[in-house]
Amino acid sequence: MEQLPLEFYTRNDVLQIARELLGKLLVTNLDRKTTSGRIVEVEAYNGIVDKASHAFGNRRTNRTETMYAEGGVAYVYLCYGIHHLFNVVTNKNNNPHAILIRALEPVTGIETMLKRTGKKKLDFSLTRGPGNLSKALGLSTLQNGFKLTDKAIYIADDGIAFTKREIMSSPRIGVEYAGEDALLPYRFYKKENPYVSGKPK
DNA sequence: GAGTAGATCCTCT
DNA sequence: GAGGATCTACTCA
């Protein structure tokens with residue numbers, strides 16, 4: 001199992017990176033506990049030209065500053081006052097690309113995830129949806145700006161990759177306000193995986 | 001089973 | 001002062 005190198009994140013094709021993230025392992029070492037999950041759903045946010053992105057129009061604020069950092073860091077922010085959403089920042093300095101991790105398949109530390117989320121037993125909702133998976137992995141705004149090349153949070157390749165046929169794309173979720181950009185097929189997910197959010201077919 | 005309200009708080013205008 | 005890259009529970013049928 002290999003931690004992804006910085007060069008993986010600093011490339012400029014956020015859609016390509018998003019596709020490649022599928023099948024990788026997201027690992028957290030927080031609270032002296034290790035938890036990990038296989039990424040099965042992501043959404044790409046294509047920088048300043050993307051109306052659905054917080055960085056649209058090169059809007060630069062305290063919150064979005066993390067996205068302008070060099071790729072390979074975590075961008076975590078609070079949504080609806082309740083949910084912490086975890087993103088991977090990509091591209092070079094001052095190019096605010098990001099990839100939202102929307103769903104995982106639990107791999108290690110399931111007991112810990114259950115404890116964190118207050119669930120009694122494993123079900124598909126444990127790591128389905130960005131709010132839930134952040135909770136399960138112990139991610140919060142405290143981890144905003146963490147480097148993915150460190151040990152606390154990182155993404156690893158254990159040799160498993162999905163085939164092209166297994167990867168589906170669709171418009172993103174929850175971004176209706178973004179006008180025509182809401183229609184862009186920037187969401188990628190593994191076909192027929194029960195952890196993928198949205199409506200089961 | 002489908003539709004909707006409520007939670008809850010940080011960020012930006 | 002408004003609203004958001006969401007989720008859950010509750011209503012109603």
Side-chain angles (χ1 to χ4, degrees), chain A residues 14-15 17-19 21-22 26 37 39-69 71 73-91 95-106 113-146 148 153 155 168-189 193-201:
Chain A
V14 69
L15 296 178
I17 299 173
R19 269 190 292 263
L21 278 178
L22 291 174
L26 174 62
I39 299 169
V40 295
E41 183 184 1
V42 298
E43 282 179 9
Y45 286 84
N46 191 27
I48 62 172
V49 297
D50 185 346
K51 282 187 190 151
S53 171
H54 294 156
F56 172 68
N58 209 23
R59 193 172 39 193
R60 198 162 176 152
T61 65
N62 276 336
R63 181 175 66 157
T64 61
E65 194 60 28
T66 309
M67 274 204 280
Y68 288 84
V73 301
Y75 171 45
V76 190
Y77 85 100
L78 184 66
C79 189
Y80 299 107
I82 300 177
H83 304 290
H84 299 273
L85 273 58
F86 174 77
N87 300 250
V88 176
V89 176
T90 70
N91 214 319
N95 240 316
H97 288 183
I99 298 168
L100 171 68
I101 309 295
R102 291 190 55 89
L104 302 171
E105 202 177 286
M113 295 192 219
L114 291 174
K115 200 171 291 176
R116 281 182 181 141
T117 54
K119 290 185 191 303
K120 303 259 180 330
K121 63 184 180 61
L122 179 62
D123 68 10
F124 295 139
S125 73
L126 182 63
T127 52
R128 168 165 57 195
N132 289 332
L133 78 88
S134 299
K135 200 171 178 188
L137 291 186
L139 293 164
S140 73
T141 52
L142 292 175
Q143 279 78 44
N144 187 36
F146 271 38
L148 301 178
I153 310 171
I155 296 173
M168 309 294 285
S169 66
S170 81
R172 290 168 293 188
I173 292 179
V175 295
E176 290 76 16
Y177 61 85
E180 68 274 15
D181 283 348
L183 303 175
L184 295 170
Y186 282 1
R187 171 172 174 254
F188 302 99
Y189 60 98
N193 186 288
Y195 288 96
V196 171
S197 63
K199 281 202 186 103
K201 176 184 64 111

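Numbers restart at 1 for each chain; the letters A, B, ... are given by sequence-line order, proteins then strands.
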So, the side chain of [X] versus the backbone of [Y]: is there a donor-acceptor pair under 3.5 Å, distance only?
X      : Y      : answer
A:S197 : A:G129 : no
A:T64  : A:R59  : yes
A:D50  : A:Y45  : no
A:N132 : A:L126 : no

Worksheet item: Any chance CG of A:N62 has more than 12 other-residue heavy atoms, nucleotides or ligands included, within less than 6.0 Å?
Response: no
Does [X] reach the side chain of [Y], with side-chain heavy atoms less than 4.5 Å apart?
X      : Y      : answer
A:F86  : A:Q143 : no
A:S53  : A:N46  : no
A:E41  : A:L133 : no
A:P130 : A:E43  : no
A:T127 : A:L137 : no

Discussion item. Tell me every residue that passes ring pair (Phe, Tyr, Trp, His ring centres under 6.0 Å) with A:H84, counting only those two or more places apart in sequence or in another chain.
Written reply: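 Testing A:H84 for ring pair (Phe, Tyr, Trp, His ring centres under 6.0 Å), a comparison that skips the adjacent residues, returns none.
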Worksheet item: If you look at every strand shown and take non-hydrogen atoms under 4.0 Å, does A:R63 touch a base, only sugar-phosphate, or nothing?
Response: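 Sugar-phosphate contact only.
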Worksheet item: Which part of the nucleic acid, if any, lies within reach of A:N132 when heavy atoms closer than 4.0 Å are counted: base, sugar-phosphate only, or nothing?
Response: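 Contact class for A:N132: sugar-phosphate only.
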Worksheet item: Between A:S125 and A:A55, which has a closest nucleotide on DNA chain C that is more 5'?
Response: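 Checking each residue's closest nucleotide, the 5'-ward one belongs to A:A55.
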Worksheet item: On DNA chain C, which is the earliest and which the latest nucleotide, 5' to 3', with an atom closer than 4.0 Å to a heavy atom of chain A?
Response: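 That gives a stretch of C:dG4 to C:dT8.
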Worksheet item: Looking at DNA chain B, which of residues 75-82 of chain A put a heavy atom within less than 4.0 Å of it?
Response: A:L78, A:Y80, A:G81, A:I82
Worksheet item: If you measure from the P atom in C:dA5 to the same atom in B:dG3, how many Å do you get, rounded?
Response: 23 Å
Discussion item. If the test is side-chain contact (heavy atoms from CB on, under 4.5 Å), which one of A:R187, A:M168, A:R128, A:E105 qualifies with A:V196?
Written reply: A:R187
Fill in: Those residues of residues 98-106 of chain A lying under 4.0 Å from DNA chain C by at least one heavy atom
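Close to the strand are A:L100, A:R102.
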Worksheet item: Atom CG of A:N144 to atom C1' of B:dC9: distance rounded to whole Å?
Response: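 These atoms are roughly 16 Å apart.
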Worksheet, complete the sentence: Its dot-bracket string being built from Watson-Crick and G-U pairs below 3.5 Å, with | for another strand and [ ] for crossing, DNA chain C has the pattern ||||.|||||||.
Worksheet item: Please, which pairs that meet side chain to side chain donor-acceptor pair (under 3.5 Å) have at least one residue in residues 173-183 of chain A, sequence neighbours excluded?
Response: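 Every pair satisfying side chain to side chain donor-acceptor pair (under 3.5 Å) with a residue in residues 173-183 of chain A: A:K51-A:E180.
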